There are 4 protein chains.
Amino acid sequence: MPVPHLPIDHACLTVWGKDTPGIVAAVSALLTRNGANIVQFDQYSDNPEGGAYFQRVVLHRPELSAALPDIEADLEGTLGAGFELEWTLRDMSVPQRMAILASTSDHCLLDLLWRHRRGELPVSIPMVISNHTNTAEDVRSFGIPFFHIPSQGPDKSAAETEILKLLAGNVDFVVLARYMQILSDEFITDVAVPVINIHHSFLPAFIGAGPYKKAKERGVKLIGATSHYVTKDLDEGPIIEQDVARVDHSMTAADLQRRGADVERAVLSRAVLWHAEDRVIRHGNHTIVF
Amino acid sequence: MPVPHLPIDHACLTVWGKDTPGIVAAVSALLTRNGANIVQFDQYSDNPEGGAYFQRVVLHRPELSAALPDIEADLEGTLGAGFELEWTLRDMSVPQRMAILASTSDHCLLDLLWRHRRGELPVSIPMVISNHTNTAEDVRSFGIPFFHIPSQGPDKSAAETEILKLLAGNVDFVVLARYMQILSDEFITDVAVPVINIHHSFLPAFIGAGPYKKAKERGVKLIGATSHYVTKDLDEGPIIEQDVARVDHSMTAADLQRRGADVERAVLSRAVLWHAEDRVIRHGNHTIVF
Amino acid sequence: MPVPHLPIDHACLTVWGKDTPGIVAAVSALLTRNGANIVQFDQYSDNPEGGAYFQRVVLHRPELSAALPDIEADLEGTLGAGFELEWTLRDMSVPQRMAILASTSDHCLLDLLWRHRRGELPVSIPMVISNHTNTAEDVRSFGIPFFHIPSQGPDKSAAETEILKLLAGNVDFVVLARYMQILSDEFITDVAVPVINIHHSFLPAFIGAGPYKKAKERGVKLIGATSHYVTKDLDEGPIIEQDVARVDHSMTAADLQRRGADVERAVLSRAVLWHAEDRVIRHGNHTIVF
Amino acid sequence: MPVPHLPIDHACLTVWGKDTPGIVAAVSALLTRNGANIVQFDQYSDNPEGGAYFQRVVLHRPELSAALPDIEADLEGTLGAGFELEWTLRDMSVPQRMAILASTSDHCLLDLLWRHRRGELPVSIPMVISNHTNTAEDVRSFGIPFFHIPSQGPDKSAAETEILKLLAGNVDFVVLARYMQILSDEFITDVAVPVINIHHSFLPAFIGAGPYKKAKERGVKLIGATSHYVTKDLDEGPIIEQDVARVDHSMTAADLQRRGADVERAVLSRAVLWHAEDRVIRHGNHTIVF
């Protein structure tokens, strides 16, 4: 029983930029005159007096695909003229294309593949790329192409170049599902699509490597995981979602790692879902999640 | 440092009724032509094809109080004409008047009074009414009038009549902060304002009296509390908020009661805050909470 | 990196019965004189004056398997003589044998198989039995035998007989991983090993069929799942573990079902782990979980 | 209905030190020969092979106070001779004496006083000391002495000396209930009793001042609070308890502070209860919480 995550004749409009009076009225009038009905409407302004404005609208328009160019032209004219706003409009019947990069750990990877197969994620998965081979059989049993690109030595540029070739033009965003290689600034620039990471700590606590060992050493009573967009500043990108689990003195660092794996896959799955549904708008180093 | 919960020149507009195309456009155009800017906008439709529509808008209008009659007249004309919608418009600088009914337990009562003193609740509290006297001194130390109306014998009509006299015209809603008397259908009708209750279980589990004893007997691993609007069907009214706490085999029914008290006061405080901020819209036996 | 869940030369001793003074001393003296060191010790008494006593001890004894008969004989003599206690002693290097019964839903089934493969569950899985065939390929890809036993018509006795034949002598406990058939009283008696179920509600709320639909109708703000031992009273057996997830007005019954699936698999996995580690002691309709 | 937190003829024994075989047997035999029955028994060893051992026993002994010297002498002989263990034995009918240091914030302070009045905390509160006067009336309404010791200028030694004079000999532990002064190393040494602090962040994230502002800037999706023992290393002492609350993009730093206040008072109350019940054993920079 697949989930109706790809509704026909529905589009998602996101709008963000400088807050000025009249945006809601302008957008809703525009949609009405283009024959679209508002199904869902979320809005946030961080300061009504000259702050930033964020909006997500799910709209229904019979024969949407034929109407899209007109709506886009009207948005261009309306929002481009009187406002300082940017926007995206996406036909929700077209799944976003998501590539997954992984290493040996399979918990985040398999959870995404399994949710995709259940119809819980409105995406297509054109490829999984790993610097190890242990998950190849599992991945392919889901009917997903698996590519092995090893990361050898300190110079990662060859591997990154190869990855970029596979991704180019084929994906709308990339998920690092416990991919244990640090991506270069050049890669982040050249990939030119959003990259979502899962970090195995409650950021900004235990930044960097070995967070469960650090958590054990500090004696914390909760451990966590953080999903964020990747930027050139390691572990510093805009946070999409976080969660925690309770631990106690009797648990070893390995126990924390196992308990944490459940948090990691849950947090990453939610972040991916929200991104794929256009619920996340980046603003500086923050996210608005509708 | 009181919380700015009573913002000047801001109003909260709630709209609900039959969903038809064009509501967002109509409302936002109306606000624009009345000089109001939309600060916050939440919307929900349970079915865009002929379902029910719900909307909450926080708007800013310089010199609001002078403009309110015009906005109300415009709403009456606009929403009354082409739509099947109901609405409320409330000046947010005017606190809602909240009466509290209590019995011997003080945890919910004191938490509300203390949050009110801290400026966390946008309400005034004209009175606390109790069928016991043990909390009188505490209540009055917060500068709040305390009235003792004992509930004696099976005929509660005299006590209810007395309570109704105190409330009439003086309050916008009533909170039952662990008030241990069942109110009659007549009282619910005659009080003519919303009544919010806190039930000491995770409804619909352990309906009726003695929920912690029942929870202990059933051996549950979580206990909960539920805040709901009071209707003529005991413990069956629309749920506003719920939460739970973890318990284990070593805890007695009295331990569950103590642990539960923390959940009760937290859940009731959130329900009261959301109601006072016009975030809760009732729809049949459900609530939409924006 | 498999988890060391099957430690060599360790045993788990559980003790339960009438609480009388001196049990801890008697058991610890017994272990000392049998050359065993106490690694972990948990104890609970529901009433030191004539109540019930529960104890779980993890002990280390070099050359355990050779010593087990002597320790068992000593337990028989010591606890059988002066006390009214029952006990079990289990070599922790021998995994418990767990059969899984499933239907079409795969989320609980796959989570158990995947955790088993990761080394998170100290069990062996000799078989998965389903009344449908859709999960056969997945199950076998984990190297686990899959048996299809359809449930046709109102008379389930033939199917149950066939299941009992497969299980007899081969399993230490059975897990119903969203197995959508009600087992007969005869089956529960004849299977003669513990049977663990996952119910898709926060019991005792929404007992019986269609809990997510009922939850949507009641308008609850949290949904849950409950893992319990199966008894002849449907959905009334001793609860092992429960958990909840937050939901809101915008979610459909299908959304609740999807959100609930995550809670179900998490709750069932924890219940199975705790049972397999001998952490759960049944007492009437309750459980003590160490 | 006061909580029976001060049970007659019960004592709490805590034991910690080098793990060696036979400790459980030795302690339980000792208790048996001194006429004491074990009511509750918790034990933990971080490594059975030469690691550290921790134990908490609640025991019942008729005419306890008369028997205490004999039990203590036996403990001294038994644990002092064959083992490298330290221990405490405390008559649970005698409340621990807890001083509270506070500043202007009242949420943690009032929650402790209110729980104490309800009988939830097995302590006496001989004094509240504040460097401000705003809470004086509230504190005294609970029947608790209030002392105002202002903290003026960079040299805090005069204030600290005055505080030490008030505390000396009168308290068993000190709680910093959002006391906004950094205590000197000399104070920590001279006070010679445990000092429990509540930090308004999920340590080690947002160490130091202004954590809610930092949390807003980082865009986290959860905020937290941490209760820990105070050591000479600011915000680095052994953590007793932590918890979190969910926040979102729409909340200001002031909103985080208000939401966080609920977490702070809950976390501190739990830490104080567990400390007062001798459930917390310090081990290096960690705690074992039974």
Side-chain angles (χ1 to χ4, degrees), chain A residues 4 7-13 15 18-62 64 71 74 78 82-83 92 221-222 244-248 288 290, chain B residues 4 7-13 15 18-62 64 71 74 78 82-83 92 221-222 244-248 288 290:
Chain A
I8 305 299
D9 288 341
H10 284 71
C12 187
L13 169 66
V15 176
K18 191 184 170 198
D19 192 11
T20 41
I23 301 176
V24 174
V27 170
S28 53
L30 183 155
L31 295 175
T32 300
R33 75 175 167 256
N34 281 280
N37 190 22
I38 293 173
V39 174
Q40 207 176 328
F41 190 107
D42 289 291
Q43 179 266 359
Y44 169 67
S45 172
D46 65 2
N47 186 351
E49 313 269 342
Y53 180 91
F54 308 91
Q55 182 184 337
R56 178 184 184 266
V57 181
V58 175
L59 57 96
H60 177 245
R61 170 65 164 83
L64 174 72
I71 303 177
D74 202 346
T78 305
F83 302 96
M92 294 172 74
K221 301 301 186 184
L222 299 169
V244 294
R246 190 158 280 271
V247 296
D248 67 36
I288 283 78
F290 285 126
Chain B
I8 305 299
D9 287 340
H10 284 71
C12 187
L13 168 68
V15 175
K18 192 184 169 197
D19 193 10
T20 41
I23 302 177
V24 174
V27 170
S28 54
L30 183 154
L31 294 175
T32 301
R33 73 174 168 257
N34 282 277
N37 188 23
I38 293 174
V39 175
Q40 206 176 330
F41 191 108
D42 289 292
Q43 179 267 358
Y44 169 67
S45 172
D46 64 3
N47 186 351
E49 312 270 340
Y53 179 90
F54 308 91
Q55 181 184 338
R56 177 183 183 267
V57 181
V58 175
L59 58 96
H60 178 244
R61 169 65 163 83
L64 174 73
I71 302 176
D74 201 347
T78 305
F83 302 97
M92 294 172 74
K221 301 302 186 185
L222 298 170
V244 294
R246 191 158 277 271
V247 297
D248 67 37
I288 284 79
F290 285 126

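The basis for the numbers below is simple: all heavy atoms, side chains too, and nothing from hydrogens, waters or symmetry mates. Keep in mind that this is a model prediction, so the values were computed, not measured. Residue numbers begin at 1 in each chain, while the letters A, B, ... track the order of the sequences.
- Looking at B:Y44, there are no atoms closer than 4.5 Å to chain A (heavy atoms on both sides), in backbone or side chain.
- Atom OG in B:S45 sits 12.0 Å away from atom NE2 in A:H60 (nearest 0.5 Å).
- Note: A:V39 leads A:V39, A:T20, A:L31 in heavy-atom pairs under 4.5 Å with chain B.
- Among all heavy-atom pairs drawn from A:A29 and B:A25, the shortest one is N-CB, 4.2 Å.
- Contact tally against chain B (heavy-atom pairs below 4.5 Å) for A:V27, A:V24, A:D19: the top residue is A:V24.
- Applying the salt bridge (Lys or Arg N to Asp or Glu O under 4.0 Å) rule to pairs touching residues 28-56 of chain B yields B:R33-B:D74, sequence neighbours excluded.
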